[in-house]
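As structure tokens, the structure follows; a few thoughts come after it.
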Amino acid sequence: MPIVKYPRATEPLWHEWDRKAQKCGLRHTVYSVNGDQYTGEWLDNLKHGKGIQVWKRNGAIYSGDWKFGKRDGYGSYSILDPVTKEYKKVYTGWWKNNKKCGYGVTFYPSAERYEGEWSGGLRSGWGRMYYWDGSMYEGQWLEDRPGGQGMLRLPNENRYEGGWKDGKKHGPGKFFYLDKGQLFEGIWAADIPKCGILMDFGRVEAPAPTQYPIPKV
């Protein structure tokens, strides 16, 4: 006759069910001592597959992919608004090793928004940032700041196109003063134009052109 093993008498039966559910990859809800809650799939007692994590301390919630206990794959992270008591989306996109990695969209306070690539939790690669004052930067990013080639458009439609380093204009670039109908083309260093040429550019159509055109040399 086969031997049947039963759970130890001193251990609640749900403990055995809990271990089986976690090891078999079934959807299961686990509550932490600090009040955090996870509902989703498991593998070898680690969050793995699809799941939802709720942090009690700040009311944040993550819904998406997990890999060996870490956010990895595609998912959304939201926080609870203390006033409206509704969830506000903070980030939607790709994750790797618990950090933003790949393409994703982040919503900042004051209605700012970033759409683009991430690496190690930082904006890196190509991306577009919408700022609270109406300006917009589109181009390359490096370690969370504009770095490489990019374009900054100001609320009055004036714009800079050229090189960036550590979040500042750096290298060859062009600044279009569309409100005045002028263009400055030159070299920049740490946001300061060092040398270049100022010329008329669309002066006839400009809303506030200079009184006199720049003489041709």
Side-chain angles (χ1 to χ4, degrees), residues 11-147 155 166-167:
E11 183 180 42
L13 185 60
W14 70 267
H15 282 184
E16 180 69 14
W17 295 340
D18 180 77
R19 284 195 296 270
K20 289 182 178 179
Q22 294 186 29
K23 292 180 179 179
C24 294
L26 302 176
R27 292 188 64 84
H28 196 62
T29 299
V30 171
Y31 298 89
S32 302
V33 177
N34 60 5
D36 294 348
Q37 174 186 338
Y38 172 80
T39 301
E41 299 172 329
W42 297 80
L43 179 64
D44 294 334
N45 292 330
L46 294 174
K47 303 165 190 173
H48 192 87
K50 301 290 185 181
I52 300 174
Q53 170 81 30
V54 180
W55 289 270
K56 182 179 180 181
R57 182 178 61 85
N58 57 2
I61 183 172
Y62 170 81
S63 176
D65 297 325
W66 296 80
K67 187 174 181 181
F68 302 118
K70 297 182 179 180
R71 289 169 289 185
D72 201 302
Y74 189 85
S76 297
Y77 179 81
S78 305
I79 59 175
L80 187 64
D81 190 305
V83 178
T84 63
K85 302 301 180 182
E86 296 180 352
Y87 279 101
K88 295 174 59 177
K89 193 166 292 184
V90 176
Y91 175 79
T92 298
W94 293 92
W95 302 73
K96 186 176 182 180
N97 199 27
N98 231 19
K99 296 182 179 180
K100 303 170 189 174
C101 188
Y103 184 85
V105 180
T106 293
F107 301 89
Y108 298 92
S110 303
E112 294 187 337
R113 184 174 83 254
Y114 172 81
E115 304 171 353
E117 297 175 307
W118 297 78
S119 180
L122 302 176
R123 293 169 289 186
S124 292
W126 178 92
R128 183 186 295 121
M129 181 75 188
Y130 297 90
Y131 297 96
W132 65 271
D133 62 354
S135 59
M136 185 271 290
Y137 171 83
E138 180 176 5
Q140 295 174 311
W141 293 76
L142 182 62
E143 297 181 348
D144 225 30
R145 291 182 289 186
D166 297 330

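Within the cation-pi definition used here (under 6.0 Å to the ring centroid, within 45° of the axis), Lys47 qualifies as a partner of Tyr38.
Here Lys70 pairs with Asn97 under the side chain to side chain donor-acceptor pair (under 3.5 Å) rule; sequence neighbours left out. Residues that satisfy the ring pair (Phe, Tyr, Trp, His ring centres under 6.0 Å) test with Tyr31, not counting sequence neighbours, are absent from this structure. Asp65 meets the salt bridge (charged side-chain N to carboxylate O under 4.0 Å, His left out) test with Lys50; sequence neighbours excluded. Partners of Tyr130 under the ring pair (Phe, Tyr, Trp, His ring centres under 6.0 Å) rule, at least two apart in sequence or in another chain, do not exist in this structure. Contacts of Asn58 classified as side chain to side chain donor-acceptor pair (under 3.5 Å), with partners at least two apart in sequence or in another chain: none. With sequence neighbours excluded, the residues forming a side chain to side chain contact (heavy atoms under 4.5 Å, CB included) with Glu143 are Leu122, listed by chain and number. Residues forming a side chain to side chain donor-acceptor pair (under 3.5 Å) with Ser63 (at least two apart in sequence, or on another chain): none. Annotation: side chain to side chain donor-acceptor pair (under 3.5 Å) contacts of Asp144 (sequence neighbours excluded): Arg123.
Residues His48 and Trp42 have side chains not in contact (no heavy-atom distance under 4.5 Å, counting atoms from C-beta outward). Under the 4.5 Å side-chain criterion, counting only non-hydrogen atoms from C-beta, Met129 is not in contact with Met136. Within the 4.5 Å cutoff, the side chain of Thr39 has no heavy atoms near those of the His28 side chain.
Nearest heavy atom pair, residue Tyr77 against residue Arg71, reads CD1-NH1, 3.8 Å. In this structure, Val83 and Asp81 approach most closely via the heavy-atom pair N-OD1, 2.8 Å.
Separation of atoms CG (Leu46) and CZ (Phe68) is listed at 8.0 Å; rounding is to 0.5 Å. The CD1 atom of Ile61 lies 12.5 Å from the CD1 atom of Ile79; values are rounded to the nearest 0.5 Å. With values rounded to the nearest 0.5 angstrom, Leu43 atom CG is found 14.5 Å from Trp66 atom CH2.
Contacts classified as side chain to side chain donor-acceptor pair (under 3.5 Å) and involving residues 113-122 (residues at least two apart or in different chains) are given here: Arg113-Glu115, Glu115-Arg128. The list of salt bridge (charged side-chain N to carboxylate O under 4.0 Å, His left out) pairs with a residue in residues 95-105, not counting sequence neighbours, is empty. Residue pairs meeting the salt bridge (charged side-chain N to carboxylate O under 4.0 Å, His left out) criterion with at least one partner in residues 52-64, sequence neighbours excluded, are absent. Sequence neighbours left out, the pairs with a member in residues 84-93 that pass side chain to side chain donor-acceptor pair (under 3.5 Å) are Ser76-Thr92.
Considering Tyr103, Trp95, Trp94 in turn, Trp94 is the only one that fulfils the side chain to side chain contact (heavy atoms under 4.5 Å, CB included) rule with Tyr74.
A donor-acceptor pair under 3.5 Å links the side-chain atoms of Glu112 to the main chain of Trp132, judged by distance alone.
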Test log, rule ring pair (Phe, Tyr, Trp, His ring centres under 6.0 Å), inputs Trp55 and Tyr62:
CA-CA 9 Å; Trp55 289 270; Tyr62 170 81; 7.3 Å; no
